[in-house]
There are 2 protein chains.
Amino acid sequence: MTIKRTPKRLKLGRKSVSELVVVRLILYRRILRDLAFSGTRYVFSHQLAALADVTPEQLRRDLMNVRYEGSPTRGYEVVVLEECIGAFLDPPTAQAVALVGVGNLGRALFAYFLGRRPLLQIVAAFDIDPAKVDRMINGCPSYHISEARTVMREKGINVAMIAVPAAAAQSVADTLVDAGVRSLLNFADVRLRLPPDVYVEHIDIGVTLEKVAFFARRPAAAEKDMGSP
Amino acid sequence: MTIKRTPKRLKLGRKSVSELVVVRLILYRRILRDLAFSGTRYVFSHQLAALADVTPEQLRRDLMNVRYEGSPTRGYEVVVLEECIGAFLDPPTAQAVALVGVGNLGRALFAYFLGRRPLLQIVAAFDIDPAKVDRMINGCPSYHISEARTVMREKGINVAMIAVPAAAAQSVADTLVDAGVRSLLNFADVRLRLPPDVYVEHIDIGVTLEKVAFFARRPAAAEKDMGSP
DNA sequence: TTGGCGCTGTGAAACGCATAACAGCGTTCT
DNA sequence: AGAACGCTGTTATGCGTTTCACAGCGCCAA
Ligand SMILES: NC(=O)c1ccc[n+]([C@@H]2O[C@H](COP(=O)([O-])OP(=O)(O)OC[C@H]3O[C@@H](n4cnc5c(N)ncnc54)[C@H](O)[C@@H]3O)[C@@H](O)[C@H]2O)c1
Ligand SMILES: NC(=O)c1ccc[n+]([C@@H]2O[C@H](COP(=O)([O-])OP(=O)(O)OC[C@H]3O[C@@H](n4cnc5c(N)ncnc54)[C@H](O)[C@@H]3O)[C@@H](O)[C@H]2O)c1
């Protein structure tokens, strides 16, 4: 069977927005938050682009998706632009997130997301180990994985992170989808196979480290390509 | 100042290989390892492609970079293909990796990489907290960050992972580059600015979760587009 | 006031990548 | 035997994204 690989997009209103644009908008907004926090009022495209490590042209093109225009003389007003990107990105209501697998990585993730994003909070943890369920973890209740369906429905969770061993990941993912989860972030080093209407993102740290190690061996000066034709 | 954004490539012999191809080759090899472990002898492109979640055409195209041809009747011999990809990817000698920041994430990473990759091992940890240095962590010595330069030279480390708070990440990265690191994997949620001959990869879990949450809100049936022609 | 400057927004071209299409060929079944 | 099948390796096509280039326009300096 051939895999149909349509680029993931989300139609919003009339326009369709690329996945890459969404990621960069999220990044821009985070940088804008920091700028606002540090008291910066206005910012030019080349400044913001430098902080995000993109070209100014791409930044401006990305901002075309947001309903806000900057001034040629002052640039963009930091807080206004941040709000406009937020209006584009944020859900109408806060989204609840579940975390499955309270192991080494799972606990680190808890610590990381603790009080970080107000409208994107971990509200339920799941595990299969009796010693780890029916407790509070960083102020969040943990349940046995068999209760997933009930808890998900009850709390209206439709986003989940998977941090269980690779051998259990596919089974856990199936359970979650069955429980109504529409979108997954998977840390286990297995490619999940799921219905096409479920969005899946893989963070494969092992592969990424290998990639980084591979590119550590590239020639020092990879930029110059002329010399003797 | 405008950022020149040349696609990262590595010239190997004559050919230049895309970054995306490298990532997929790493993924293929891991799957081949699992297949070999489970006793599979031969595999067809469509089977391997399904496990890697790519199309068979793309898989075959990627394999063009590797010096191995499969048989139209039996497919690819698992162990041979694995070795050929390894010959393409692996360094001539084992690579030593350093980990900076022995916090929640750092310790989880230690547990994850423990004994996982024989020729890609964490051989040194660094931190700034006196309580965390000059100890053994999962059989690996930890040093104060000020010793980075000495230890790096001594152990020939040229790859490092950064798992320190965002505020310290840029400073740590500069220190590492100064100590001779050529390639970085950064987990802190800041875009690092480094010389162009240093390879940097960002794993931005916060951004990724926001992305996943965003795409949880897409229309259920984004695939069907035909109906009345 | 007016000319020049620098930034924004956006159409158009260029590029890289994935997808489709095809030639070669060993196997198998009639 | 020979024809049809299925898989591989490779070339060609199409698409999406990035980059280039420029029009528009407020501000500032002269
Ligand atoms: N630790 C890391 O830094 C790291 C890095 C990259 C990837 N990963 C991946 O993340 C996953 C978890 O890593 P970890 O280090 O936390 O492992 P871990 O063994 O510490 O934790 C796994 C947890 O999952 C639970 N679990 C097992 N089967 C389950 C099931 N069917 N349902 C629910 N829970 C189940 C276990 O009880 C355990 O608490 C692994 O797939 C690993 O490859 C971890
Ligand atoms: N914990 C997670 O799951 C997670 C997820 C995504 C991103 N991150 C990012 O990873 C980084 C670390 O996260 P964490 O949860 O482990 O934080 P943490 O506070 O638990 O650990 C940070 C460690 O870095 C050390 N450190 C601080 N400054 C240093 C310096 N200048 N040099 C060397 N070491 C220094 C601290 O002593 C501490 O041990 C943060 O930037 C965080 O945003 C963490």
Side-chain angles (χ1 to χ4, degrees), chain A residues 1-11 15-25 27-28 32 41-50 52-78 80-81 84-85 88 222 225, chain B residues 1-11 14-25 27-28 32 41-50 52-78 80-81 84-85 88 222-223 225:
Chain A
M1 174 183 300
T2 308
I3 301 162
K4 200 56 186 176
R5 179 152 302 286
T6 55
K8 294 166 199 146
R9 287 166 166 273
L10 171 69
K11 282 205 278 289
K15 286 171 295 195
S16 178
V17 178
S18 158
E19 200 170 348
L20 299 171
V21 175
V22 171
V23 171
R24 286 193 297 265
L25 285 175
L27 179 60
Y28 301 153
L32 287 168
R41 301 283 301 269
Y42 295 93
V43 67
F44 289 116
S45 71
H46 62 88
Q47 299 171 318
L48 186 51
D53 197 30
V54 300
T55 63
E57 300 89 341
Q58 187 162 59
L59 170 66
R60 292 201 300 271
R61 182 159 285 270
D62 289 338
L63 292 187
M64 284 176 62
N65 297 291
V66 173
R67 213 62 191 123
Y68 172 67
E69 308 215 340
S71 140
T73 78
R74 300 185 185 277
Y76 305 94
E77 199 168 348
V78 172
V80 178
L81 181 54
C84 287
I85 296 179
F88 179 86
D225 43 330
Chain B
M1 173 183 302
T2 307
I3 301 162
K4 201 55 188 177
R5 179 151 302 286
T6 54
K8 295 167 200 146
R9 285 167 169 275
L10 171 69
K11 281 204 277 290
R14 283 286 168 75
K15 285 171 295 195
S16 178
V17 178
S18 159
E19 200 170 349
L20 300 171
V21 175
V22 172
V23 171
R24 287 194 296 265
L25 285 176
L27 179 59
Y28 302 153
L32 287 168
R41 302 283 300 270
Y42 295 94
V43 68
F44 289 116
S45 70
H46 65 267
Q47 300 172 317
L48 186 52
D53 198 30
V54 300
T55 62
E57 300 89 343
Q58 187 162 60
L59 169 65
R60 293 202 298 272
R61 173 171 277 268
D62 291 337
L63 291 187
M64 283 176 62
N65 298 291
V66 174
R67 212 63 191 125
Y68 172 65
E69 308 215 341
S71 142
T73 78
R74 300 184 185 279
Y76 304 94
E77 199 168 348
V78 173
V80 178
L81 181 54
C84 287
I85 296 179
F88 179 85
E223 318 303 311
D225 45 330

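Not measured: the values here are computed from a predicted model. Proteins get letters first, then strands, A, B, ... in listed order; numbering begins at 1 in each. The figures here come from the full heavy-atom set of this structure, side chains too, leaving out hydrogens, waters and symmetry mates.
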- Message: So if I apply the side-chain contact (heavy atoms from CB on, under 4.5 Å) rule between A/Pro56 and each of A/Arg61, A/His46, A/Gln47, which one comes out positive?
- Response: A/His46
- Task: Grab the CD-P distance between A/Glu69 and C/dG9 for me, whole Å please.
- Result: 5 Å
- Rounded to the nearest angstrom, tell me the gap between atom CG in A/Asp53 and atom C1' in D/dT18. 15 Å
- With a 4.5 Å limit on heavy-atom distance, are the side chains of A/Tyr68 and A/Leu63 in contact? no
- Message: Rounding to an integer number of Å, can you tell me how far A/Asp62 CG sits from D/dT18 P?
- Response: 7 Å
- Atom CZ of A/Arg60 and atom P of D/dG24: how far apart are they, to the nearest Å? 16 Å
- Query: Can you find a side chain N or O atom of A/Tyr76 that sits less than 4.0 Å from OP1 or OP2 on C/dG9?
  - Reply: yes
- Task: Report yes if at least one side-chain N or O of A/Ser71 is closer than 4.0 Å to OP1 or OP2 of D/dG26; otherwise report no.
- Result: no
- Under-4.0 Å side-chain N/O to phosphate OP1/OP2 contact, A/Ser18 with D/dT17: yes
- Identify the two heavy atoms, one from A/Leu25 and one from A/Asp62, that lie closest to each other, and give their separation to 0.1 Å. CD2-O, 4.1 Å
- Message: Using every non-hydrogen atom in the two residues, find where A/Arg60 and A/Tyr76 come nearest and quote the distance to one decimal.
- Response: CG-OH, 3.6 Å
- Over how many whole Å does the gap from A/Gln58 atom CD to C/dT8 atom P extend? 15 Å
- Message: Nearest whole Å is fine: how far is D/dT8 P from B/Glu57 CD?
- Response: 11 Å
- Message: Taking the minimum atom-to-atom distance to the side chain of A/His46, which one of D/dT19, C/dA21, C/dC7 wins?
- Response: C/dC7
- Is any side-chain N or O of A/Ser45 closer than 4.0 Å to OP1 or OP2 of C/dT8? yes
- Message: If you assign each of A/Arg61 and B/Tyr68 to its closest nucleotide in DNA chain D, which residue comes earlier from the 5' end?
- Response: B/Tyr68
- Message: Quick check for you: among C/dG6, C/dG24, D/dC27, whose closest atom lies nearest to any side-chain atom of A/Pro72?
- Response: C/dG6
- Message: Rounded to whole Å, please give me the gap between CZ in B/Arg67 and P in D/dT10.
- Response: 8 Å
- Message: Heavy atoms only, 4.0 Å cut-off, all strands: where does B/Leu20 land among base, sugar-phosphate and nothing?
- Response: sugar-phosphate
- Message: Without decimals, in angstroms, what is the distance between A/Leu59 CG and D/dT19 C1'?
- Response: 14 Å
- Query: Just to confirm, is there a sub-4.0 Å distance from OP1 or OP2 of C/dA18 to any side-chain nitrogen or oxygen of B/Arg24?
  - Reply: yes
- Query: Looking across every strand, which nucleic acid part, if any, lies under 4.0 Å from B/Arg74 by heavy atom: base, sugar-phosphate, or nothing?
  - Reply: nothing
- Message: With a cut-off of less than 4.0 Å, is there a side-chain N or O of A/Thr73 near OP1 or OP2 of C/dC7?
- Response: no
- Closest non-hydrogen atoms of B/Val66 and B/Cys84, given as atom of the first, atom of the second and distance, are CG1-CB, 3.4 Å
